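Each remark here refers to the structure printed beneath this line.
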Amino acid sequence: MSDCILRMSNINKSFFGVPVLKEARLEVLPGEVHVLLGENGAGKSTLIKILSGAYTREGGLIEINGQAIPAISPKEALNIGISVIYQEFNLIPDLPVYENIFVGKEFGKGIFVDHKQAMEKAEVFMKKVGLNVSPKTLVKDLSVAQKQLVEIAKAISNHVKILVLDEPTAAITEKESDMLFEIIKELQKEKIGIIYISHRMKELFEIGDRCTVMRDGEYVGTVNLSETSEDELTKMMVGRTVNFEKNINNLKDNDQVVLEVNQLQYRNYLKDISFQLHKGEILGFAGLVGAGRTEVAKCVVGALKKTGGSVKYKNTELSSSLPENIRKGIVYLSEDRKEEGLVLSHSVMDNIVLPNLSKLAKPFLRKKEMVCCANNYIQTLRIKTHSHLTEVQNLSGGNQQKVVIAKWLYSEADICIFDEPTRGIDVGAREEIYNIMKDLIEQGKSIIMISSDLVEILKMCDRVAVMREGMIETILENNADLTQEIILKYAMQGGE
Amino acid sequence: MEIVKKKIDGKLSTLTIYLGLGVIFLVFALTCKILGKNFLTLNNLFNIITQASIISILAIGASLVIVTGGIDLSVGSIVGFIGIFGGLLIKAELPLFLAGILCILAGALFGFANGMLVSYGKVPPFIVTLGAMQVARGLALLINRGQPISGFPKSLGMVMSFKVFGLIPVSVLYVFVFYAIIVVIMGYTKFGRHIYSVGGNINAARLSGVNVKKIIVMVYVLSGIFAAIGGIMLLARLTYADPNAGAGYEMNAIASAVIGGISLSGGKGKIGNTLVGAIILSTLTCGLQIMNVPTYYQTIVTGIVIVSAVFADKKKERQSE
Amino acid sequence: MKKKMIAWIMSIVVVMLAIGGCTETKTETNGKNSKTEVKENKAEIKENKTDDQKTIGFVGMTLNNEYHITLANGAKVEAQANGLKIEIQAGDQHASADAQLGIIENMIANKVDGILLVPSSSDGLESALTKCKEAGIPIINLDTKLTDSSLKNVGMDIPFYGTNNFEGARLAGEYVSKNFNKGTKTAILKGIEGQTNAAERYNGFIKGAGDAIEVIAEQTANWEVDQGYTAAQNIISANPEVELFFCCNDNMGIGALRAIKEASLQDKIKIIGFDAVSEALNLVENGEFLATVAQYPAEMGKLGVQNMIKVFQGEKAENYIDTGTKVITKDDVKEFKEYLKTFE
């Protein structure tokens, strides 16, 4: 296909030695809406970031209109007509619409800006995207859908050739979506290539022409959307069944409920969350990013203040005080190690003892004891570090995760909530983390595991709660019949 | 070998500052010897520490606040306020001890207000303490209508000038006692470790069960208390209360902490080194005065030393980039 | 690795040297008490080196304004003329008693033979005085008088050479009462609230001017040019009928002048300053200031040194000298400028 507006071929990329893109491919025709589909972590956003110049590729070729382009900076990408509209808009809230459209390429002579000219030009682009507000309106006063239009207007003003829309309908109403689709159709007429990322199956078929599916950083295939079905796409996303054994857990005690959540609510993010956790059980939470899994965990431990419902631990109501809940033995291991899990500039030892200082202080801390405790976990969890005094930021992702786990193992928690415990961790370390979880179960503890990795969910969990848009869609027994397809279907389409 | 190297690296950052102090001492000692002046005498060493005493006590508070990632600009004004406040109490013939307690309470109250506004009010520390700085200075002027106070009993002066065993000025002892206490608190208590974790990563600290807000309030309260202690020390040192006293002390306190390697981004630094930082500053002043270097140059040298200290401290970071 | 080893070794050397230095001087001080050879040696060295040259310590209030610089220069010129060493130190920009105490401690440690003191506050230096008394170092007080209660508290009798601010301001007031009509509408810019000389200048002027003036506005402008400027702006807009500004120092007067110029009221409003700084003298010369009050800071420094020499020679210093003040107007400004040149 030599008439491609964009051709990306054999793109490779890895982070800290973990490959995230393996020979990825993407071909977009002028004037088509090309859907990019894949599970969380399939590599879609990495691929887009390479296209936009945010990441540098480690191999492969990018051609635009048949012309190969070298590694480029984000600014250069904009200049050659590549615009990406992320879910988090890249706008300056306290500047008016017209200045946002032309930011970085202001009109005027010398150091002075010609506001009048900018406003007139802005209105042309605003009309094109159907944005009917004054160009002087401040961006912060606009609705989400309107901000999106500003972004599109900005892209058009940049003579966009390839426009990437990342989940454009995630935060806007159905009516606004319809308007957006109209504008997309207009853009198609101008032979702009549009890459469309979304998980909403229905709209894919409504707006998309072709679809490229990615899985585990690899290219799976490209299909015409008019010739395929939702089920077929789901199958492509999940792929062949990976060979793994489901963990058989005989320790789960169905009679003993340790945690009972009833009609939990959190602002408008969570609706009527109810589930039970049994002693010795691993309960999985599956769902797409943004489905509300992390919020559930944080509400349970008290890191977020729930706005309704109840959380009972062994039949007594839990308060929403985090320190108190930690003392009772309910702990949360954040998905975001760097922002929430660790003090990166502190040593391995300081991080491990942090939640356990009450236990160690009598009333003064003894260095010897702290060193002893840290070294104990460094050994048992096989944390690879120079010494207990090494700063955590110098450790690899897997070892950092082990430090986080060590923190809470030492605190002898009763319920552990693991949020994406194996994200960004290599295979060997994953197995070790699974083994630690199994050990915990054997000691009679209970685990909630939030994961986007369906293989891991199927391998480890006794039951799986599937969340979609702030609700628990269903809770499934993990028996031999449960497959990735079934879970994914609930996560994407709901139970219909 | 690798491990040994790491260990030395860790120690070296602490060592740089002692090295700096050593070099400064050496330079002064040699120059003064050549000029025929007295620098390295026991008496002068005590002088240096006495002159550093007030700033070094304020610097404890400054360091604590900086470790949590904040800043406290109000301490200098609190020193001025406490001078007048304490002075009035003593003039009203309250026993010194009781007056001291009331001063410390007043300092704690300032700190509490700062801490509450920072932690619960979510106002940036720079703004909160900038405001408190103005308020405290205004109050210092207000409560005695801008007048200084003098004519205190001799016993007040003894609070600073008493010599233990007829040799060691008691002000030197205060410094070492307070630093000993704070070093133990920061290194060997739950509270101290929590302070570091709040400064290192406030989210991780919260999720680890640290009561982040309480820690922040406590730290500002402590800063207020140390400011009050500094104010009492200044009052006793001068046996004179001036509502304008202590202006600019907050900057010297912050400079001491920074020279001592307390990171302005929070979470890092050894509090004991703050004392070395304060002593470096007062050694500079003392040495330059003994060498009779004109005042103008003294300020320039001090400025250069502050920046060089941090520059040397960041050397490792630059190399690793 | 090598570098680090060197750092280690260096630091050890430094520490050892420092300790070595300490112990060495320790024996010296011990020696002094027990009158061993060490002391004698030292005394000898001192005699050889200095030829009985004495050192005077000059402790200024600050060295960031002309008045105090002139005061220090007066002392410096006189000391050099008499073959004495002089060490001039002052606090940084905050005129702080704490900084002066530190300077005095360091001078005592370095064994100056006498101290000329320009106190930052009249009664804030008791601790410093006590230390001088203990060390047996004579003091002469210049410019700002230490209060009697302060002197009584420390049990010292210290000579004072300076001017009387009250007297100078009274002279300015009298000048106004002679040259202006009764009830002249007057604005006063005052110094820092709570300072003795600020109060004295204010009171002296009021006393001297008597019913020649009607004070319609008064503001504190903290001795500063910029604050004088804003205060004068406000006063002019609130009281356009104002005829005379009395500014308790020239800096505030310079600020006021700018505000008056901006309001184009130069013909209507007169300015009297205080201190006779060089800029003010220029302004008097070209008629933009009506007058300023001169003190003789250089004289104070000079007299201080002369009398300190007397003390060194075992004589008694003059107990009190009023160095005098003078209202400088267009008529005598040239002459005064000539006199000042000797101390630049």
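None of these values were measured; they are calculated from a predicted model. First the proteins, then the strands, lettered A, B, ... as listed; each starts at 1.
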Got a donor-acceptor contact below 3.5 angstrom from the Tyr240(B) side chain to the Ser127(C) backbone?
no
Please check this pair: side chain of Asn38(B) against backbone of Asn110(C), looking for a donor-acceptor N/O pair closer than 3.5 Å.
no
Side chain from CB out, backbone as N, CA, C, O: work out which of these in [X] comes under 4.5 Å of a heavy atom of chain B, or both, or neither.
X         : answer
Ile88(C)  : backbone
Ile192(C) : side chain
Leu129(C) : neither

Interatomic distance, Met107(C) atom CE to Asn292(B) atom CG [nearest 0.5 angstrom]:
6.5 Å
Interatomic distance, Asp98(C) atom CG to Arg237(B) atom CZ [nearest 0.5 angstrom]
5.0 Å
Enclosure of Lys190(C) NZ (heavy-atom neighbours >12, cutoff 6.0 Å):
yes
How about Tyr297(B): does its OH atom have over 12 heavy atoms from other parts shown lying under 6.0 Å from it?
no
Among Ser150(C), Ser121(C), Gly60(C), which has the most heavy-atom pairs under 4.5 Å with chain B?
Ser121(C)
Most contacts with chain B, counted as non-hydrogen pairs under 4.5 angstrom, among Ala128(C), Ala199(C), Gly102(C)
Gly102(C)
Considering only heavy atoms, which portion of [X] lies under 4.5 Å from any heavy atom of chain C: side chain, backbone, both, or neither?
X         : answer
Phe28(B)  : neither
Leu288(B) : backbone
Ile290(B) : both
Phe39(B)  : neither
Asn144(B) : neither
Thr299(B) : neither

One thing to verify: whether Glu87(C) and Lys37(B) come together as a salt bridge, which I'm taking to mean a side-chain N less than 4.0 angstrom from a carboxylate O.
yes
Determine whether Asn106(C) and Gln51(B) make a side-chain contact, defined as any pair of heavy atoms from C-beta on separated by less than 4.5 Å.
yes
Heavy-atom check, side chain of Leu125(C) versus side chain of Leu238(B), under 4.5 Å
no
At their closest point, which heavy atom of Asn153(C) faces which heavy atom of Gly151(B), and how far apart are they?
ND2-CA, 3.6 Å
What one should report as the nearest heavy-atom pair of Val293(B) and Gln89(C) is O-NE2, 3.0 Å
Taking atom types as modelled and ignoring hydrogens, do the side chains of Asn44(B) and Glu105(C) form a donor-acceptor contact shorter than 3.5 angstrom?
no
